[in-house]
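Contents: one structure, followed by commentary.
Note: hydrogens, waters and symmetry copies are ignored here, and every other heavy atom, side chains too, is used. Positions are given from 1, in the same order as the sequence printed here.
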Amino acid sequence: MEPQPQKRVAKACDACKLRKVKCNGQERCQQCSHLGLRCVYTVSAKQRVQYGKRGHLISEYKNKTANVVAAAPPILPASPSSVGYPSPYGQLAERDPLSPGVARIPYSQSFFLDLIPEYMEGVYPVQPVITENELRQYIQAMEFDQEIQSFMYAFAACTLNLTCYGDKRTEEVLQTIEILMNRSIETLRPPLANFRSSVMRAMQSMFIHNCLMSMQASDAAFHYMRDSISAIQLLRIDSADIMAPLPPHERSRRQRLYWQAYIHERFVAILDYRQAILPPLDNLPEDDPTIPLSVHEGFNQIIKLFRLLDSEFLKNWLGSQNQASSVTCAWVEAKSRELEGDEDLNSTALSMMQRADLVITREWLRTIVWRLAMSQALLSSRTSKECLSLLFPVRLSKSLRQQVASMSREDIEVHGSSIVQKLFEITDTIVDVLLHVPAATLEETALRIEDFLFILDFVLLFPALDPTRRSILLEKLERLQAQFPEVYSAGSSPNVPFDMQSPPSDPWYNVTQSKIGPDTYMDTAGVEDMPVLTSQQPPSQQVPDSRMLQRMAYNDISKRLSMANFATV
């Protein structure tokens, strides 16, 4: 028996007609049920209007159905209900009673509109792809377009993630970010047979990647970064023939999109030891008069820094010990020279936020180059070349301290978890050098430790620093404190009981001896031979010998370290 042909639907609903998709003609058709749209059938099917632009089409449809009773509420009602978590941002979430694990987010358009100023100030300068005008158009259309709606969830999550820091980064805000991000993932349509890539789709996955990185979900973050790269590769931004017909500002925007993915992938390659697949473009983004000059210049400077992480660099960083390395003294010197361009930071077009990103990224890359040199045993404490010196990281700590002291914490925190991870890598390298490479003098040791404690205090105060990295730094601080126990001797502290004085069998006695010099420890028989300061001596005779001065300096270091307690931060 031959199957009966499917009945032709006599009349399609207004939403299906406008979207030019197949309608099953039911009271609430399958398409509208799936997308949560109002399903309305007009009285006359003969009236057809030709719409030129998508925004005009949606506006007309909204006006036509404004007073019609809907068969089901839209996904984003105009005003949120009173059910859910109280929030300064509006309604956070409403749980679907039929699916308790899925959050339905009834945010109004005003919620997304209110995020645009924060996005333009804190997100767009470092991810200059989606413009303010586009966002406003998306907000108007999101009620009728699931793809736009899914993107807007990611936009909101990323904006809150990068602009809510310090006291504003409350548990409620963190919950909001996670709900929005999850909703974006849940509504992200898989690439079906008719899939067409877009800038919006690429940026949605990049926004999700950004949020997951802050949540320390590195595997999931890597997945969405690669998803973004796939969407970018489908746009063929590296093809001159494909890009040539586009308007100049659109070409520049897509080039910035490509470079943004390149930067993120190279950073993850260094941070998590992942392979990178996206090659660099031949040129920087074309000039674009439609974006602020500061955004254009700042973004180009970041591109120049990450362009140094070429395939050879990554091969050296990711290679195993069995692989031949191209890291030589000449290679290290060349990379270090490329990273020196501090004059780039003097541009008046750059904001403090952009300067902070450039300064810390540059010092982080210098640290990475130094660690590669160390892995090949190319370092020396006697070399005149700073990049090949064992002491380079502690010298870097001094310059970094001067740099961050001139910046506000907000200028740094706005860059999210990536900037904190760079600061961690720098700080961790500095403390390793302090632990294993002794300074020539106690005065130099004291200066090193002061610079390190400043940087450590600065880094530990970042809420985005994860517990694992925090514990690593605190554990190394304890090891550093143990290397500088307070020194007691009968001569320097005659009132200290003999059983509390440092005996030669003390495990840190040899460390102390190497820093202060011989004859620090004395038994009680030598007390009368040691020059001791007393109030009965005339002022002219109250001059301690060099060993006592060294002990005093050493104990000052010990006390400074013992007072550094960040366990409750």
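Between F151 and Y138, the ring-plane angle classifies as perpendicular under the 30° and 60° cut-offs.
Seen from the ring of F462, R409 counts as a face-on cation partner, given the 6.0 Å and 45° thresholds. In this structure, R266 forms no cation-pi arrangement with F306, as its terminal cationic atom is not both closer than 6.0 Å to the ring centre and no more than 45° off the ring axis.
R169 and N161 are linked by a side-chain donor-acceptor pair at a separation below 3.5 angstrom, with hydrogens and angles left out of the test. Judged by distance alone, the side chains of H296 and N300 do bring a donor and an acceptor atom under 3.5 Å apart.
Of all non-hydrogen atoms in I237 and R254, the two that sit nearest each other are CD1-O, 3.3 Å. Heavy-atom minimum distance, S294 versus Q354: O-NE2, 2.6 Å. What you find for L160 and L115 is that their closest heavy atoms are CD2-CD2, 3.7 Å. Minimum heavy-atom separation, C29 to G25: CB-N, 4.5 Å.
The pair R274-D219 counts as a salt bridge, with a side-chain nitrogen and a carboxylate oxygen less than 4.0 angstrom apart. Taking the charged nitrogens against the carboxylate oxygens, R362 and E340 have no contact shorter than 4.0 Å, which rules out a salt bridge. Using a cut-off of 4.0 Å between Lys/Arg side-chain N and Asp/Glu carboxylate O, D288 and R251 are scored as not salt-bridged. Under 4.0 Å is where a charged nitrogen must lie from a carboxylate oxygen, and between R253 and E134 at least one such pair does. Residues K422 and E425 are not paired through a salt bridge, judged by the lack of any N-O separation under 4.0 Å between the basic side chain and the carboxylate.
Counting heavy atoms from C-beta outward, C158 and Q127 have side chains that approach closer than 4.5 Å. Residues L212 and Y224 have side chains in contact (heavy-atom distance under 4.5 Å, counting atoms from C-beta outward). Within the 4.5 Å cutoff, no side-chain heavy atoms of F155 are placed close to those of M203.
The side-chain contact (heavy atoms from CB on, under 4.5 Å) test with I263 is passed by exactly one of V126, L278, I303: I303. Among the candidates S228, S184, S198, the single residue satisfying the side chain to side chain donor-acceptor pair (under 3.5 Å) test with Q204 is S184. Each of T361, I368, V369 was compared with L339 under the side-chain contact (heavy atoms from CB on, under 4.5 Å) criterion, and only V369 meets it.
The structure places CG of L423 at 12.5 Å from CG of D428, a figure rounded to the nearest 0.5 Å. Expressed to the nearest 0.5 Å, how far CG of L162 lies from NE2 of H415 amounts to 9.5 Å.
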### Query
Do R256 and S252 pass the side-chain hydrogen bond (donor to acceptor under 3.5 Å, both in side chains) test, and can you show the C-alpha distance, the side-chain angles, and the key distance before you say yes or no?
CA-CA 6 Å; R256 293 194 299 271; S252 180; 2.9 Å; yes

### Task
Go through V420 and I412 one step at a time and tell me if the side chain to side chain contact (heavy atoms under 4.5 Å, CB included) criterion holds.
CA-CA 8 Å; V420 178; I412 298 175; over 6 Å; no

### Message
Let's go through Q109 and Q140 carefully: what are the C-alpha distance in whole Å and the side-chain angles of both, what is the deciding distance for side chain to side chain contact (heavy atoms under 4.5 Å, CB included) to 0.1 Å, and is it a yes or a no?
### Response
CA-CA 8 Å; Q109 289 186 353; Q140 291 297 319; 3.8 Å; yes

